[in-house]
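If you read the sequence from its start, that first residue is 1, and numbering goes on from there. Atom set for the values below is all heavy atoms of this structure, side chains included, hydrogens, waters and symmetry mates excluded.
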Amino acid sequence: MALLSFQFTAQRYHATPWGSHVNEGLVEWPPSPWRILRALIHTGFAKEGWAEIPPTMKRIIERLSGSLPQYQLPDATAAHSRHYMPAPEKTTKVIDAFAWVGTHPLLVNWPCELVEEDRAFLASLLSRMSYLGRAESWVHAQLLPDGEIENFQANAFPADGTDPCDPGWEQTSLLTPVEAGSYHVWREGALSTAEEKLQRDSNAAGKKVTKKALVQLGQVYPVDLTACLTVETGWLQSQGWSQPPGSRRALYWRRSDSLEPMRSQVSTKPRRSVAGGAHVALLALSTDNPKSQVLPRLKDMLPVAERLHRALIFLANKCPDSIDCEELSGKDSEGKPLQGHRHAKIIPLCLNTTDSKVNHFLLHTHPDMPLGDAAHWALHRIRTIGSIDKSEGSGEAKKLFASLVGLGKSADFTKAVGNPLGVGSVWASLTPFVPPRHLKERRHGLVDQVQAELTSRGFPEAVDIEVFPKEALIGAGFLDFKFRRARGKPQPPSQSLFGLTLRFAEPFTGPLTLGYGSHFGLGLFGVKN
């Protein structure tokens, strides 16, 4: 047996079924065997530096193609986001459908025997796989030991004459490779038939079949199953294939609730404790404008983070039988501020971009204050957070949307988010540090305030604090940051802002946010390499 495990680190799986358009909003669930094998081959070329597919990989493909796998599917929900394609290409509005799969892994059991050499090769390849499906479907993949098969419980399996005899099941079609030997036999027959037709057509036209024509004809039929798995969509279209050669459709049984709509998974009865203890949420930002430049700039993120916070509080209060959502509000049932800064911090992120535009927010609470059901209610229902206006740097008023991308613990987001959740002993400012009190030489000096902020948040004291020179502040753009909160909210006691490098005796895990506005993105530090 070959038991594969795929854990989606962002808890989302993006993949469109073969033959469907992206705007149909469909999700291929479970991942087809064809997709998994192609992902393995891609990993080899991208991560192992293959110039061609090695014999060991070809042998593995032949073994896996000889049988249909079974799946143990985690609980999943169907969801989607909508956005415009970026300029200068056609600014088409597209639907990005995905399966929300949570923190439990997807298990795939291939009923075939692999020799130890092949298992080691496959295990190494899986460990280097970074995504399955589209590139945003980040994954941690591994080959599980044979002993784990005892715990495997299939809830999606081939419909090869089996019938669950239960109204709670449905069928779905998956693309899978044919058996390698069968493809070879089929290719020989198909190629022979095509050559005979070419010969007849040439004789009818009074022409001679050239060697070049025969070579081109042979290229229409990939030489083996491995070659079939590497063909590109453009090649298929140019050759007139409606689906890849060497592939077939296989019907699978799966539970009817395998891909329920998102709303059916949200509890209507809030509880203070939530199974799993999720304390981190990743939210994506988008606009109803095809131009990406209307997203807020990092230096303008404070009012946007505040509006996101207000929107979440508003939704949490609408949760049925609503209870006080202390982890979002930062206040107890009597309206008094909580101590220890354990409640939610909203951290701006500029992921996969170089233009300092905020496209995600990370909502992070202390692990001992996980997100309760009222917070889950709000996070699953957040849609809009108001408009970006001219004063916030966009040049025009545009509505800003937010959608939940992932929900879990800090370790689930380390790979996706990077620096703010890093581990290190030297931390440097990513956004300006604004002192929470008036600066005084004898009391409440800069160093005193930094150390007090660290202590109040449960971090060790810094052994060294280095202040950025003015040139570094200008270079980082810190002098342009907005650091005044909305009207009616506490304003900064000091008009000074700083960039700092903090050194500690021992490394620790982020995020590290200090000072005024630290729950809305100011005073954010990242690990310094």
Side-chain angles (χ1 to χ4, degrees), residues 5-15 27 29 31 73-83 96-106 129-141 259-263 265-267 274-286 305 308-309 311-312 315-316 327-328 344-353 358-367 369-373 375-383 385 401-422 509-511 521:
S5 170
F6 299 96
Q7 186 158 16
F8 296 93
T9 55
Q11 303 180 35
R12 303 207 308 183
Y13 167 71
H14 302 252
V27 181
W29 186 248
L73 305 180
D75 292 338
T77 56
H80 76 274
S81 62
R82 303 182 183 210
H83 60 89
D96 182 11
F98 58 89
W100 178 271
V101 297
T103 59
H104 295 289
L106 162 73
M129 184 182 292
S130 55
Y131 65 90
L132 176 64
R134 291 206 296 277
E136 57 266 46
S137 299
W138 307 316
V139 73
H140 171 66
L259 206 55
E260 283 290 298
M262 181 72 77
R263 60 181 179 273
Q265 297 296 315
V266 180
S267 171
V274 176
H279 66 99
V280 182
L282 183 64
L283 297 113
L285 300 186
S286 60
L308 172 60
H309 181 251
L312 289 172
L315 290 169
E327 62 273 23
L328 290 184
K345 304 174 185 66
I346 299 177
I347 299 171
L349 300 173
C350 306
L351 300 182
N352 303 318
T353 182
V358 177
N359 50 25
H360 291 77
F361 276 111
L362 189 76
L363 188 143
H364 189 285
T365 66
H366 194 278
M369 181 175 274
L371 298 166
D373 277 8
H376 280 236
W377 175 277
L379 287 165
H380 282 97
R381 284 162 173 75
I382 186 73
R383 293 296 179 268
I385 57 174
F401 298 89
S403 58
L404 184 63
V405 175
L407 194 64
K409 301 180 180 179
S410 290
D412 301 325
F413 296 91
T414 302
K415 184 176 179 180
V417 171
N419 204 341
L421 295 180
T509 303

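Aromatic ring orientation, Tyr13 versus Trp29: tilted (interplanar angle from 30° to 60°).
The main-chain N or O of Leu363 is never found under 3.5 Å from a side-chain atom of His279 such that the two would form a donor-acceptor pair. Thr9 contributes no side-chain N or O that, together with a main-chain N or O of Asp412, makes up a donor-acceptor pair within less than 3.5 Å. Within the 3.5 Å criterion, the main-chain N or O of His376 finds a donor-acceptor partner in the side chain of His380. For the pair Glu327 (side chain) and Thr365 (backbone), a donor-acceptor distance under 3.5 Å is absent. Counting only distance, with no hydrogens or angles, the side chain of Asn359 and the backbone of Leu351 share a donor-acceptor pair below 3.5 Å.
Here the closest non-hydrogen pair linking Ala378 and Leu312 is CB-O, 3.4 Å. Of all heavy-atom pairs spanning Ala305 and Ile346, the tightest one is O-CD1, 3.6 Å.
Taking His104 as the reference, Pro74 meet the side chain to side chain contact (heavy atoms under 4.5 Å, CB included) condition, with sequence neighbours excluded. Judged as a ring pair (Phe, Tyr, Trp, His ring centres under 6.0 Å), and not counting sequence neighbours, His360 has no contacts. Taking the side-chain hydrogen bond (donor to acceptor under 3.5 Å, both in side chains) definition, one finds that His140 meets it with nothing, sequence neighbours left out. The side chain to side chain contact (heavy atoms under 4.5 Å, CB included) search around His14 returns Arg12, Asp96, Phe98, Arg134, Glu136, Ser137, not counting sequence neighbours. Ala10 is linked by a side chain to side chain contact (heavy atoms under 4.5 Å, CB included) to Trp138, counting only residues two or more places apart in sequence or in another chain. Scanning for side chain to side chain contact (heavy atoms under 4.5 Å, CB included) contacts around Pro511 gives Ile347, His364, Leu421, with sequence neighbours left out. With sequence neighbours excluded, no residue satisfies ring pair (Phe, Tyr, Trp, His ring centres under 6.0 Å) with Phe413.
Taking CG from Leu282 and OG from Ser403, the interatomic distance works out to 9.0 Å, rounded to the nearest 0.5 Å. Between the CG atom in Asp373 and the CG atom in Leu379 there is a gap of 11.5 Å [rounded to 0.5 Å]. Of the inter-residue distances, the one linking Ile382 atom CD1 with Phe401 atom CZ reads 11.5 Å to the nearest 0.5 angstrom. In this structure, Leu285 CG and Leu308 CG are separated by 7.5 Å, a value rounded to the nearest 0.5 Å.
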Can Val101 and Leu106 be said to form a side chain to side chain contact (heavy atoms under 4.5 Å, CB included), step by step? CA-CA 9 Å; Val101 297; Leu106 162 73; over 6 Å; no

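Between Leu283 and Val405 the shortest side-chain heavy-atom distance does not fall below 4.5 Å. Contact check for Leu349 versus Pro420: side-chain heavy atoms found under the 4.5 Å cut-off. Pro348 has its side chain within reach of Phe361: a pair of non-hydrogen atoms, C-beta onward, lies under 4.5 Å apart.
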